[in-house]
2 protein chains.
Amino acid sequence: MPKKRVDDLQSVSAETALEAEKILGNRLAKLGLKQTDQRRKILQVFLQTRDHLSIDELHQQVKKLDPKIGFTTVYRTLKLFSQCGIASEVELHDGISRYEPQLNRRSHHHLVCTECGESVEFFSPEIEAVEQRIGKQFRYSTTRHSFQIFGLCTNCSKKRTSAPQVRR
Amino acid sequence: MPKKRVDDLQSVSAETALEAEKILGNRLAKLGLKQTDQRRKILQVFLQTRDHLSIDELHQQVKKLDPKIGFTTVYRTLKLFSQCGIASEVELHDGISRYEPQLNRRSHHHLVCTECGESVEFFSPEIEAVEQRIGKQFRYSTTRHSFQIFGLCTNCSKKRTSAPQVRR
DNA sequence: ATTGCTGCAAACGATTTGCATGAGG
DNA sequence: CCTCATGCAAATCGTTTGCAGCAAT
């Protein structure tokens, strides 16, 4: 039997998906909520996404799997996933709610290009420390933080210097 | 003649206001835009605010000075101020655009209570360093960052432990 | 059976826009 | 004068809600 390859994304995804479904089931049960077909399918699609999808984009994907599933359900479900710790909202300040999978995910932050919208993730352990320190200092019981850096990616910087400036 | 007191908020405000008006004039001229009566008045009111006012709240204040000034104008003007570096948007994730004066303001961040909305400002020099470092690392030319910590303030924490949990 | 879930359409609230009028350079 | 700014109302857009029928526990 071949040894499991950790870089085999397919199998890792499948495994995570099963695990997530179980976790979802548990948390739903605890809240007296129900594990429905729609929720399972949305979860499945959601976990395959690496990007920070908007509800609308996610709904598009979900419809490919099951065209019956409505927009509102996706909305409500992603909010639910957030509460269950399966999703977390990504705040790119573009006026749209975006989510990313949260389960088994190392804490990270986003560097966002304000021109083309491209974003990359980065890690910065000191941020966690700041949350702890400031929380203590002001006697807040902190639950989360939001940190993102904005700027121009290499490509857009180039365009700026050569072409006349574009106003948004 | 009495020595100028740096803790005299009134005089400091007046000074900043004049300075800001000049700066605004310069930047507007540079863009071929006009310095109007409305913009001057909105600026004046805006600089007196220490809180993170919503456009609506700001409009209320502005109307006291000049009831003719419309909501839309305040909206457009605050956006303009942001571009001119006079205001900066405060992101408290409550679905409302909030602004605070930016001029001569030490870089700071916000600790926000998710229950009552109260927020306090804090300073954290290491955040600036992170912006620099990550920018270099990914070859982004960074322009700003957004960092806020969320949690429960002391009061709301107490209420939570005594009263049954409230859902939002 | 009971209670929660879904999907549609309609409601909502913050923000933006079109346009005729007014003011600044 | 020409261009930009204003103020109003209407449009837009993301999100939320009411409700009748459906499905999970």
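Values in this document were obtained by computation on a predicted structure and should not be read as measured data. In what follows, chains are A, B, ... by sequence order, proteins preceding strands, each numbered from 1.
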Rounded distance in Å - NE2 (B/His59) to C1' (D/dC8): 12 Å
Go through D/dA5, C/dC5, C/dG7 for me and flag the one nearest to the A/Thr72 side chain. C/dG7
Taking the side chain of B/Lys34 as its heavy atoms from C-beta onward, which of C/dT3, C/dA23, D/dT17 lies nearest to it? C/dA23
Decide whether A/Ser146 and A/Gln148 meet the rule of one side-chain donor and one side-chain acceptor closer than 3.5 Å. yes
Is the phosphate of D/dG14, meaning OP1 or OP2, less than 4.0 Å from a side-chain N or O of A/Ser97? no
Upstream residue (5' side of DNA chain C) when A/Leu33 and B/Ile55 are each assigned their closest nucleotide: A/Leu33
Between C1' on C/dA14 and CZ on B/Phe71, what's the gap in Å once rounded to a whole number? 7 Å
Tell me yes or no: between the side chains of B/His108 and B/Glu100, is some donor less than 3.5 Å from an acceptor? yes
In whole angstroms, the gap separating C1' of D/dA5 from CG of B/Leu31 amounts to 14 Å
With respect to the side chain of B/Thr73, which nucleotide from D/dA5, D/dG7, C/dG4 is positioned closest? D/dG7
If the cut-off is 4.0 Å, is A/Arg39 near the phosphate of D/dA24, judged by side-chain N/O to OP1 or OP2? no
Does B/Thr36 put a side-chain nitrogen or oxygen below 4.0 Å from OP1 or OP2 of D/dA5? no
B/Leu80 CG to C/dT16 C1', straight-line distance once rounded to whole Å: 16 Å
So does A/Gln38 get a side-chain nitrogen or oxygen closer than 4.0 Å to the phosphate oxygens (OP1/OP2) of C/dG7? yes
Under 3.5 Å, is there a donor on one side chain and an acceptor on the other for B/His109 and A/His145? no
Assign A/Arg76 to base, sugar-phosphate, or nothing according to its heavy-atom contacts below 4.0 angstrom with the strands shown. base
For residues A/Tyr140 and B/Glu118, is any side-chain donor paired with an opposing acceptor at under 3.5 Å? yes
To the nearest Å, give me how far apart NZ (B/Lys41) and C1' (D/dT6) are. 13 Å
Looking just at side-chain N and O atoms, do B/Thr49 and B/Gln61 make a donor-acceptor pair shorter than 3.5 Å? no
Nearest-Å distance, CG (B/Leu28) to C1' (D/dT3)? 14 Å
Rounding to a whole Å, what distance do you find between A/Tyr99:OH and D/dG14:P? 14 Å
Among C/dG24, C/dG7, C/dA14, the one nearest any side-chain atom of B/Ile96 is C/dA14
Which whole-number value in Å describes the distance from A/Arg40 CZ to C/dG4 P? 18 Å
